[in-house]
Structure formats: C-alpha cells, structure tokens
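Comments concern the structure below.
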There are 2 protein chains.
Amino acid sequence: MSDAASAPLSEFELIRRYFTRPAQKAALGVGDDCALLEARPGHLLAISTDMLVSGRHFFPDVSPEALGHKALAVNLSDLAAMGAEPRAFTLALALPEADPDWLAGLARGMLALADAHGCELIGGDTTRGPLNLCLTVFGDVPPQAALRRDAARAGDDIWVSGTLGDARLALGDCRGEWLLPEPEFTQVRERMERPTPRVALGLALRGVAHAALDISDGLLGDLGHILERSQVGALVDVDALPRSTVLAQQPADLQLECLLAGGDDYELCFTAPAGARDAVRAIGRRLELPLARAGSITAEPGLRLVNRWGSPIAYAGRSFDHFAPG
Amino acid sequence: MSDAASAPLSEFELIRRYFTRPAQKAALGVGDDCALLEARPGHLLAISTDMLVSGRHFFPDVSPEALGHKALAVNLSDLAAMGAEPRAFTLALALPEADPDWLAGLARGMLALADAHGCELIGGDTTRGPLNLCLTVFGDVPPQAALRRDAARAGDDIWVSGTLGDARLALGDCRGEWLLPEPEFTQVRERMERPTPRVALGLALRGVAHAALDISDGLLGDLGHILERSQVGALVDVDALPRSTVLAQQPADLQLECLLAGGDDYELCFTAPAGARDAVRAIGRRLELPLARAGSITAEPGLRLVNRWGSPIAYAGRSFDHFAPG
C-alpha cells in the first residue's frame with residue numbers, strides 16, 4: 001500500500017538475485033502471474049502449506065541457512081507423511097528489511113535441501129513486514145499409496161522413526177528451563193534447528209503402512225489426530241519410544257515430557273499391520289534409520305500409556321497448540 | 001516453539017469451526033498432512049501464492065469480511081491473468097490472537113468469494129504471530145491457452161479492463177495525501193477494499209490474447225514485466241486509459257499518478273493482435289466489462305507515453321515496490 005521511491009535493492013532484484021533459477025521440471029517457474037505444473041500421469045498432487053513465524057517457530061537470531069533449511073524441511077516432512085515424492089514449492093516471504101547477506105544465507109539453506117530432494121522453487125511472493133515464511137510444497141503420490149490419517153486399523157502396530165524429544169530438550173535449554181552441558185546441547189540443537197524430513201521413509205512405506213503423519217506438535221497430540229480420524233484407540237509403551245543417548249540421560253519426568261509432548265522432531269509416526277513387521281524392519285535397515293515399534297492400535301477408543309511391564313502411566317501434559325499462552 | 005496449557009479456543013478448534021467443510025472436488029481436503037488434488041486431464045495446474053501483511057496490503061482496522069474477500073481476490077486475479085480456471089486454495093494464517101468474531105468474518109468474506117468461483121479451501125496452517133495471510137491458489141489451464149508474460153508481439157494492441165487508479169485514489173485519502181468528498185470516497189474505497197478478480201475475462205481471453213497480467217503494482221511497472229519478458233517495447237496513450245468518473249474529476253497530475261502507478265486495482269492488462277479487436281470487443285460486451293484499447297506493442301524497446309495527439313508525456317513516478325521506503 002505504499003508507493004515507491006528508489007530503493008537500494010528492489011523487491012524484484014532481491015527475488016531474482018537469490019531465488020530465481022531456470023525452470024527445470026515445471027512448465028513455467030518464477031516470474032509470471034502463476035507457475036505452471038504438469039501433473040504426473042496416474043498420480044495425485046499432494047499439497048501442504050506451513051507458515052513459520054519468528055519467536056514461535058524459530059529464534060530471531062537463528063542462522064539464515066538453518067532457517068532456510070528448516071522452513072522447507074517441515075514442509076517436506078508433510079509430503080513424507082503422505083508418502084508423496086517432493087516435486088516443487090512456492091515461497092512467500094515477509095521481511096522487516098531487505099538484508100542481502102541474510103537472504104543469501106536463507107536461499108543457500110533452502111535451495112540445498114530443495115536440490116537434495118529434487119524439489120524445485122517455482123514461484124513466490126516477497127513483501128515487507130514482520131518476519132514470516134510461508135511455503136507451499138507439491139508432491140506426487142499414486143491415489144492408492146497415499147498414507148492418510150484415517151487409515152489406521154485395530155491391531156496395527158504403531159511405529160516411530162528415528163528418535164523423539166531432542167528438539168524439545170534443546171528448546172528448554174534455550175529458554176532456560178534447564179541447562180545441558182555444551183556437547184549435548186550442540187547435538188540436540190542440531191535436531192531443533194535442522195530437522196531431517198523423512199522423505200525416503202515415506203516413499204518406502206507406500207503399500208506397507210496404513211496411516212502416517214509427521215510429529216510436529218508432539219506424539220500425543222499428533223497420534224491423537226490419527227485416532228480421531230480412524231475412529232480407533234491406541235496403547236503406547238512409553239519405554240519403547242525411541243530416544244537419543246542425550247535424552248536417555250535426563251530425569252524420567254523430563255524424558256516423558258520430551259517424548260510425548262515435544263514438538264518439532266519431524267519424525268514419522270505410522271501404523272502397519274502386524275504381518276508387515278519384517279517389511280518395516282527391512283525398510284529401516286535399507287534406509288539406515290531406526291524404526292521402533294512402540295504400541296498398537298486398539299478398537300477401544302482413547303489413548304492409553306503403559307510402561308514395559310504393561311502398567312498404566314499417568315501423564316498430565318498436553319500437546320502443542322499455537323494459540324495456547326506461550 | 002511453545003508448549004501448551006489449555007486455551008479458550010484451540011488452534012484446531014478454530015480451524016474446524018470456521019474453515020473446514022467437507023472436500024468437494026479435491027480427493028482429500030483440510031485435516032491431513034497434505035491435501036490431495038487430482039489433475040484435470042489435458043490441463044496444467046496454475047499455481048500462485050500471495051502474502052498480505054497488515055499495514056502494507058490492508059489497514060489494521062479493515063473489516064474482516066473485506067479482508068477475507070481481498071486476500072482471495074488478489075490470488076484469483078493471478079489465475080485470471082494466466083487464463084486459468086480457479087479450482088482450490090490453501091490458507092496460512094498468523095494471528096495475534098484468536099478472536100472468534102473476527103475469524104468468522106474473515107471466513108465469511110473469503111468463502112463467499114471462493115464459492116462464487118467454485119474454488120475450494122483444501123488445506124492450511126494457523127499460528128500465532130503478527131497478522132499475516134498467505135494464500136496459494138490452484139487453477140486449471142490447457143498448456144496452449146496459458147496467457148504468459150513473454151507472449152507479447154510487436155504490433156499487438158494493449159488493452160486494459162475496467163478502470164484504473166481508484167484504489168490508489170482511496171489510499172491517498174486514507175493516508176491524508178488528499179481529501180475526497182464522502183460519496184466519492186465510499187465509491188473508490190470499495191475498489192481498494194473489495195477488488196474484483198477478472199476471472200471470466202481471463203478465461204474468455206484464451207486463444208484471443210497473447211500476453212496478460214493483472215495490475216497489482218501499477219500499470220507502468222506491471223506492463224514493464226511484459227515488455228521485459230517479451231523483449232518488446234510499448235506506446236501507451238494515457239488519454240485512452242480507462243478511469244472512473246470520480247478519478248476523471250481529479251487534477252490531471254493526480255489522475256496520471258493514479259492511472260500509471262496506482263497499485264491494487266487488479267484489472268487485467270493484455271495484448272492481442274489487431275485482428276482480434278472485434279473478438280475482444282465482443283468479450284467485453286458479453287461480460288459487461290469495459291475493455292479499453294490504450295496503446296500498442298512496439299519492436300523498439302522501452303515504454304513511451306503519449307497523449308491523444310501523439311505528443312510525448314513526461315512522467316517521473318515509479319511503480320510500487322514493497323521494499324521501497326514507505
């Protein structure tokens with residue numbers, strides 16, 4: 001809503017310099033009113049959008065490379081949770097100022113991850129405003145292979161990839177809730193700032209898993225979405241939840257908090273029939289990614305937590321909610 | 001990055017209450033990791049994303065209905081400029097607080113326009129943060145029918161739909177740059193707050209127009225993109241630029257400023273061969289939308305402004321740039 005005098009580096013220049021590359025797989029990329037994308041025959045287009053806000057999804061002083069990586073990673077994670085193959089993305093960006101060095105770092109972090117997954121930047125928008133990144137990602141998935149939240153069945157095993165809770169552990173240190181020794185903090189901070197989207201796992205689970213989602217808001221809340229959509233319940237063995245050696249050294253209560261309610265891990269939680277256990281384990285070995293069986297889907301509704309001996313575990317925490325008082 | 005205690009109205013509740021409706025044309029809508037969209041055979045998917053920031057794209061006290069309308073309208077306008085038929089959209093929303101009345105108004109304004117164009121809300125994201133709306137829209141367009149910015153040819157006529165400059169005229173009043181009498185202000189404010197995306201025009205121009213875009217940043221800057229991409233120049237008759245009776249009553253300099261550099265009009269500017277004049281006029285009659293022929297594309301590069309007698313017009317203003325000093 002503001003008219004213009006000359007600026008040191010214009011909006012159009014900024015975009016061109018750091019983010020525009022020739023269209024590769026898209027029919028038309030950055031620079032027109034719309035990008036044009038050709039559908040892959042026999043596939044649906046999986047679409048997800050995520051908005052990242054300073055102070056809520058990242059600290060204001062995070063390195064721009066890490067931020068660029070994370071902004072795309074959390075979106076690719078949604079594709080992974082659907083069993084979709086990354087294809088392209090758009091980036092809308094509100095910036096308080098046009099800092100070329102910062103933008104160059106952001107582009108480096110984002111485009112390196114994009115290249116690693118063959119995911120092309122096809123369009124976007126840039127404006128001045130409080131720092132905000134909104135990405136929309138596009139992926140291909142055959143209709144029958146999509147890993148939907150409503151597909152869990154009673155008797156399914158519940159699986160979790162990688163380890164849970166490190167991002168929450170790092171966040172607590174940054175906030176002063178607790179203090180970790182330096183090498184441990186460095187290790188878990190990497191998980192918070194540079195999450196790994198489990199794209200290859202999502203693709204490998206096509207035809208094997210029933211339901212899946214990525215753990216962004218904490219296992220309890222996210223698994224709750226599967227239960228609600230699939231109209232089933234779950235029994236979760238908290239001792240079987242996979243954790244890093246750093247987290248395993250923490251007090252039991254803190255471990256539980258990080259494992260059950262720690263967001264930002266971007267591991268996959270999925271359900272698969274008991275007959276698929278060998279297939280799931282083979283996928284884990286092939287991808288060199290630990291896959292832990294940590295419970296089962298029940299016909300009876302509700303989510304029950306037990307320990308390794310089957311005794312009920314009380315847990316009063318709640319899942320992440322962006323509108324809860326910070 | 002904040003864990004949660006209970007909140008009066010949770011993020012998930014908010015979304016569900018105001019924005020979730022059953023999937024219609026999409027294979028899978030709001031509520032999973034991704035939405036799933038089936039491509040229309042023989043069509044490309046046109047994709048555009050726009051981010052709206054408070055104080056820059058709208059005034060903080062704008063009515064939520066008007067904001068909901070405008071946020072989708074500016075995105076539909078991008079589809080129109082491509083000759084694409086609206087199909088679906090995603091909405092990412094950062095809100096400083098979760099105000100149910102405000103959200104209900106936003107949803108009303110947005111979904112009314114969406115319904116009018118058969119454009120389904122298929123997914124989104126909500127977070128707390130400085131007010132920000134990021135929409136990504138999807139439309140269908142046959143590959144050969146897309147109205148691209150690089151398709152203008154020397155000898156083409158330049159056409160403009162509707163009238164230009166009213167949104168800029170209203171903005172200047174709001175900012176105190178000038179003062180309009182009340183009925184005139186009300187009329188032009190409607191253009192600023194509730195722009196009409198020229199979707200039907202974009203569709204009608206398939207196979208008729210060469211290049212097209214929507215005028216969001218001002219005619220000069222936007223037309224400049226066509227010239228640059230098509231490697232051509234233009235001769236524009238400023239007296240032929242269409243304006244409302246309100247704007248036509250303003251001083252000549254102000255008219256020029258609003259016509260040439262006033263953003264936010266969301267009219268289409270398109271080029272078409274001289275042989276298509278009758279076809280273009282017929283489209284205008286059918287849609288009851290004035291279409292003005294206001295210049296021509298030249299082989300010689302550069303943009304020259306002339307008056308009705310062909311005499312050069314000097315104009316020192318510049319186009320809208322979101323990073324120019326406000």
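Below, read A as the first sequence line, B as the second, and so on, with proteins coming before strands; counting in each chain starts at 1.
- The residue among B:Asp78, B:Leu79, B:Ile47 with the most heavy atom pairs within less than 4.5 Å of chain A is B:Ile47.
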For residues 130-141 of chain B, which side-chain N or O atoms pair as donor and acceptor with protein atoms under 3.5 Å away, sequence neighbours left out?
{"from": "B:Thr136", "atom 1": "OG1", "to": "A:Thr136", "atom 2": "OG1", "distance (Å)": "2.9"}
{"from": "B:Thr136", "atom 1": "OG1", "to": "B:Thr49", "atom 2": "OG1", "distance (Å)": "3.1"}
{"from": "B:Asp140", "atom 1": "OD1", "to": "B:Arg87", "atom 2": "NH1", "distance (Å)": "3.2"}

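- Minimum interatomic distance between A:Pro86 and A:Val199 (heavy atoms only, all atoms of both residues): CD-CG1, 3.6 Å.
- Qualifying side chain to side chain contact (heavy atoms under 4.5 Å, CB included) partners for A:Ala209, counting only residues two or more places apart in sequence or in other chains: A:Leu147, A:Leu205, A:Phe270.
- When the candidates B:Ile226, B:Asp50, B:Leu91 are compared by the number of heavy-atom contacts under 4.5 Å with chain A, B:Asp50 comes out ahead.
- Residue B:Leu52 does not touch chain A at all, counting heavy-atom pairs closer than 4.5 Å.
- Closest approach of A:Asp214 to A:Tyr266, counting heavy atoms only: OD2-CD2, 3.6 Å.
- Using a 4.5 Å cut-off between heavy atoms, A:Ala81 touches chain B through backbone and side chain atoms alike.
- For the residue pair A:Ala94 and B:Met51, the shortest heavy atom distance occurs at N-SD, 3.5 Å.
- Within the 4.5 angstrom heavy-atom criterion, only backbone atoms of A:Ala212 (N, CA, C, O) approach chain B.
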